[in-house]
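Predicted model only: the values in this text are computed from it and were never measured.
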Amino acid sequence: MGKINVLSFAVANLIAAGEVVDRPASVIKELMENAIDAGARHITVEIRNGGVTFMRVADDGCGISPEDLPVAIRRHATSKIKEADDLDGILTLGFRGEALAAIAAVSDLRIITRTADAAYGSLLVSHGGEVAEITEQGAPVGTTVIVENLFGNVPARRKFLKKDVSEAIAVSTYVEKMALSRPDIAIRLITDGNMKLNTAGDGKVESAMYAVFGREFVSKMMPVEGQNESVTVSGFISRPDHVRPKRNYENFFINGRYINCRTAAAALEQAYTSFIPPERFPCCVLYIEINPVAVDVNVHPAKLEVKFSNEKPVFEAVYYAVRSALENNSNRPAMQLKPTSSAVNAFVPIEEGKRESLSQRQISITSAPKTAPASVPSSKATEAFTRMNAADFAGKYQFSASSPFRANGEQPLPKSEPIPLPRSMSTAIKEREIASEPPMAPTAPLPTDADVPPTAKSVLFSSAVEEKPVISPWRIVGEVFRSYIVVESGEKMLLIDKHAAHERLLFEKLRANMKNRSEATQILLIPMQVTLSVGDADTLTLYRDEVEAIGFAYTVKDCGVSVSEIPEGLSPLMASELLFTLASRLQDGTGNAALSREILFERALYQSACKAAIKAGREYPPEYIEWLCEQLQRLPDITVCPHGRPVAMELTHAYIDHQFKRS
């Protein structure tokens, strides 16, 4: 007797249900996709007990005609496609014709619907996939699907459901993704009688994000726009000070469909290199538009993954759009103060036991010294600072044998010694323009354009030197804890981390020098043998021109590659690491050779810039502090250090007045 059985219709439906419907959230997803494909402008989702006992999705779309209603819950019945060629350019969210059949097979289902040209609506009742009745019923234009007693006829599957709260959270997550994917549709979510989500449907992404994430989240996002070949990218990304420990706030939508896109995620995270700390992930709501012919959405049962015919344009479009937005970002994080609980009564005396002197409080708010301290701490970092900034200061400051700045064998200024107010700041009450202020050394000229580190935008997208921006009046108020500089600039107060600020400026200069250099290679006396898998070796063969363009020369062997030349500036160990990275990213479509090399070099520059930057807790000549603040005023897009820490934080005049109850 044969062992191969032809499954009955009922059993086949249960298997399909296992692929498409595994929990209430997947039911809601499929029904919402059908509503969007029907052209709905308003969608209401309601669940009870996590959706296990009751789910309702109502829309005002085109509706279902009476003759199509019984066919709608049959397997592979769909209005989205007709021929095999239709799969080459799918524009709808649904297309397989399995969702309603799978849902009906494991629940009690009711469908109430009416088309615009029908006088009456229709009602379909189904139990376990079998149609019980079809009757006429009054109904508005659109479709309402009610699902009850999910997995009632499949108790083995029902026991794998989580608690009602967990299932409700999963439903809410799917509804939020749908709301973000279509900000032009008003979407409501009702859970156990409580309104959980209500979007405006005004077509604005900001409105949808506000409804889903809240006001504070939206305030820390910035817009993104970009295009590469046939790929268009738009949406919002988070500022560098707004990151998460997980990737769950990365939202990608390809042609209006929410997707877990590894290519886009890799591009996003690589674009944030040198802007956020390691092991932290940015937030985003990015919309990627691509020719439907170039993307296959029929590769995952839940349609949460896609396959591109060519990942490179997608990767580069996302990378450069995000990187450009980050480089142009000039919003520094606002300093957060704890709100005062009540106004202070000026007439209530302070108890003697609670009085503290200024010395007891150890408040150290000082201005920069008039003359540089008699000495500066001797260290490799200070010497590196001198070497790397000689060009920056040569045009503005003159140093001689009697100059107050000395770097060899000197001791730091004693903490107890008072620091006099500088001559240039004794009249700090007066606002001044940087452009008109005389230099520290009267005979020295002001710095030229070459002294100012280029902005990231000019480094990435333009080789031309941009004109200096006009900056508002500013003045240095002082320095606290020998680490943070207090600057008044217009209607804002900046608190600058002098180490982080100088580290970023040095990093930008080093990176600019790296980019301006022509590609050079190092010829190895003895070829380096790198062991790779067969797949990685084949990838390096396929992308040989691209890899050799960044400075490699190699021969592919059975068990790896023999490398005879490596990019200049790389050690053999780093070159080997770069080859592994290139093979992996090129094979997965999550990068290209030039970007991988650039990111690796940038990581190598982190430590150089950090070691050479001025150190917190040490005294430095006032010229240094003046120069540092001037650069930050001229380069507002310098907002974070290469490790992702803020360079400066700001407080507005209005916010300070509010804290002191003046407004």
Would you say [X]'s side chain and [Y]'s backbone share a donor-acceptor pair under 3.5 angstrom?
X: R247; Y: P282; value: no
X: S274; Y: P642; value: no
X: Q522; Y: P567; value: yes
X: T199; Y: A179; value: no
X: D497; Y: V647; value: no
X: S576; Y: L573; value: no
X: N328; Y: S324; value: yes
X: R23; Y: V171; value: no
X: S166; Y: K162; value: no
X: R323; Y: A271; value: yes

Between R41 and D184, is there a salt bridge with N-O shorter than 4.0 Å? yes
Greater than 12 external heavy atoms within 6.0 Å of Q227's CD: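 Atom CD in Q227 is packed in, count exceeds 12.
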Flag if over 12 foreign heavy atoms under 6.0 Å of CZ, R188: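 Not buried by this count: 12 neighbours or fewer within 6.0 Å.
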Output the distance between atom CZ (F253) and atom SG (C284), rounded to the nearest 0.5 Å.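 These two atoms lie 8.5 Å from each other.
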Could you state the interatomic distance from CG (L532) to CG (L579), rounded to the nearest 0.5 Å?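 It is 7.0 Å, given to the nearest 0.5 Å.
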As a quick check of understanding, evaluate side chain to side chain contact (heavy atoms under 4.5 Å, CB included) for L542 and L540, giving each step before the final call. CA-CA 5 Å; L542 181 63; L540 293 181; over 6 Å; no
Is any side-chain heavy atom of [Y] closer than 4.5 Å to one of [X]?
X: K177; Y: N251; value: yes
X: L189; Y: N198; value: no
X: F236; Y: M209; value: yes
X: P292; Y: N255; value: yes
X: S562; Y: K557; value: yes
X: T521; Y: F552; value: no

Assess, by modelled atom type and distance only, whether the side chains of S207 and D202 contain a donor and an acceptor separated by less than 3.5 Å. yes
Can a side-chain donor-acceptor contact be found between E289 and T232 if the only test is distance below 3.5 angstrom?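 E289 and T232 do not have a side-chain donor-acceptor pair below 3.5 Å.
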Taking the six-membered ring for Trp and the single ring otherwise, decide whether the centroids of Y249 and F213 are under 6.0 Å apart. yes
If you draw the axis of the six-membered ring of Y554, does the NZ or CZ of R544 fall within 45° of it and under 6.0 Å from the ring centre?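 Verdict for Y554: a cation-pi partner in R544.
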Only counting residues at least two apart or in another chain, list the ones meeting ring pair (Phe, Tyr, Trp, His ring centres under 6.0 Å) with H242. F217
